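Beneath this line is the structure, given in structure tokens, with notes to follow.
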2 protein chains.
Amino acid sequence: MTRANEAWESLMRAYAVLMKRFNAEDVWGEVTMREYDVLYTLSKCDSPLRMSELNRHVLLSQPALSRMVDRLVDRGLVHRCTDPGDRRGVRLSLTPEGRKTQQEIGRPHARSVTRALNVLTPEELSQLAAITGKLAQSEEK
Amino acid sequence: MTRANEAWESLMRAYAVLMKRFNAEDVWGEVTMREYDVLYTLSKCDSPLRMSELNRHVLLSQPALSRMVDRLVDRGLVHRCTDPGDRRGVRLSLTPEGRKTQQEIGRPHARSVTRALNVLTPEELSQLAAITGKLAQSEEK
DNA sequence: TGGAGTTGTATGCGTTTGCATCTACCTTAA
DNA sequence: TTAAGGTAGATGCAAACGCATACAACTCCA
């Protein structure tokens with residue numbers, strides 16, 4: 001077992017443990033964690049996002065994401081319109097209500113995240129962010 | 001946004017990107033990535049594992065895991081028997097075929113993991129393993 | 001200009017998931 | 001010994017998922 005494999009296994013365990021902990025917190029209201037992930041991703045972008053772009057951030061298959069956006073649109077949290085420049089595509093953004101929902105859930109969740117990661121030193125936090133950032137940006141050659 | 005939140009977001013992003021990449025690799029055969037996770041976890045333990053113990057490692061609800069084990073038992077990859085000491089519980093272990101399957105998939109997958117994480121320096125790999133290990137072990141107070 | 005190939009998203013369909021709940025077994029203490 | 005409460009997994013059911021594929025719009029070159 002290489003160091004790389006050990007690191008990846010460790011990362012996966014940390015992810016599983018923390019995800020379970022966050023999921024168990026009573027902050028999600030009428031939104032699942034996966035749905036929140038979409039709302040959060042949209043909240044970070046001022047300009048509307050394409051499905052395919054959103055799909056890069058979210059761990060869901062393209063059809064699953066497409067239908068999840070359907071539901072979020074039906075529930076009035078997300079606005080979807082055809083991209084005028086490329087009429088195959090869509091532009092997604094939060095509705096005011098979607099933004100409100102994201103913020104109301106985001107606040108307590110962010111506190112949970114802070115609490116959970118505060119077992120790390122500031123230096124470790126910086127290292128973790130830098131290393132995982134590097135991983136996320138690496139493209140397959 | 002605190003450093004902790006940035007680090008967590010970065011970790012999530014790295015996880016999503018790499019999971020998608022691994023999932024796209026053509027190494028999984030008749031087993032899904034989630035099923036492989038179970039087979040792999042079982043493969044690391046020589047003594048049979050309890051459902052609840054397994055469930056701590058795998059990102060699935062208890063009922064979903066219960067049924068997934070059902071399927072793996074039906075397919076002859078996992079052996080399940082009642083725990084003689086506590087007859088509510090079960091003891092899970094790989095069958096010889098399960099172990100074979102795990103290894104056959106594990107080999108090429110491990111290579112993918114190594115390739116993906118080799119964008120990091122050896123020192124970064126050690127830091128990542130140490131930091132995520134610390135996170136995984138931290139229990140809520 | 002048009003036909004072939006590509007890309008972005010949606011849909012049909014069988015499988016898997018999570019939530020709530022159930023059952024069976026263990027533990028404690030009266 | 002037994003009733004009350006707790007814990008380990010299993011099951012009913014509706015919702016959500018992934019795979020394959022369909023469809024529409026774009027691109028590019030003949």
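These figures come from a predicted structure and were not determined experimentally. Convention: sequence-line order gives letters A, B, ...; per-chain numbering from 1. No hydrogens, no waters, no symmetry mates; every other heavy atom, side chains included, goes into these values.
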With heavy atoms under 4.0 Å as the rule, sort [X] into base, sugar-phosphate or nothing.
X: Ser52(A); result: sugar-phosphate
X: Arg67(B); result: base
X: Arg91(B); result: nothing
X: Leu65(B); result: nothing

[X] [atom1] to [N] [atom2], straight-line distance once rounded to whole Å:
X: Glu53(A); N: dT9(C); atom1: CD; atom2: P; answer: 10 Å
X: Asp83(A); N: dT7(C); atom1: CG; atom2: P; answer: 17 Å
X: Asp86(A); N: dT27(D); atom1: CG; atom2: C1'; answer: 11 Å
X: Arg71(B); N: dG18(D); atom1: CZ; atom2: P; answer: 14 Å
X: Asp70(A); N: dT11(C); atom1: CG; atom2: C1'; answer: 10 Å
X: Met51(B); N: dC25(C); atom1: CE; atom2: C1'; answer: 16 Å
X: Arg50(B); N: dA8(D); atom1: CZ; atom2: P; answer: 7 Å
X: Arg75(B); N: dT15(C); atom1: CZ; atom2: P; answer: 13 Å

5′-ward residue of the pair Asn23(A)/Pro63(A) relative to DNA chain C: Pro63(A)
Any salt bridge between [X] and [Y], counting N to O under 4.0 Å?
X: Lys100(B); Y: Glu104(B); value: yes
X: Arg13(A); Y: Asp37(B); value: yes
X: Glu6(A); Y: Arg3(A); value: no
X: Arg75(B); Y: Glu30(B); value: no

Under-3.5 Å donor-acceptor pair between Gln62(B) side chain and dA8(D) base: no
Arg88(A) vs Arg88(B), nearer the 5' end of DNA chain D by closest nucleotide: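 The answer here is Arg88(B).
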Is any side-chain nitrogen or oxygen of [X] closer than 4.0 Å to OP1 or OP2 of [N]?
X: Arg34(B); N: dC17(D); value: no
X: Arg87(A); N: dT9(C); value: no
X: Ser66(A); N: dA10(C); value: yes

Modelled atom types, side-chain donor and acceptor of Asn5(B) and Thr2(B), under 3.5 Å: yes
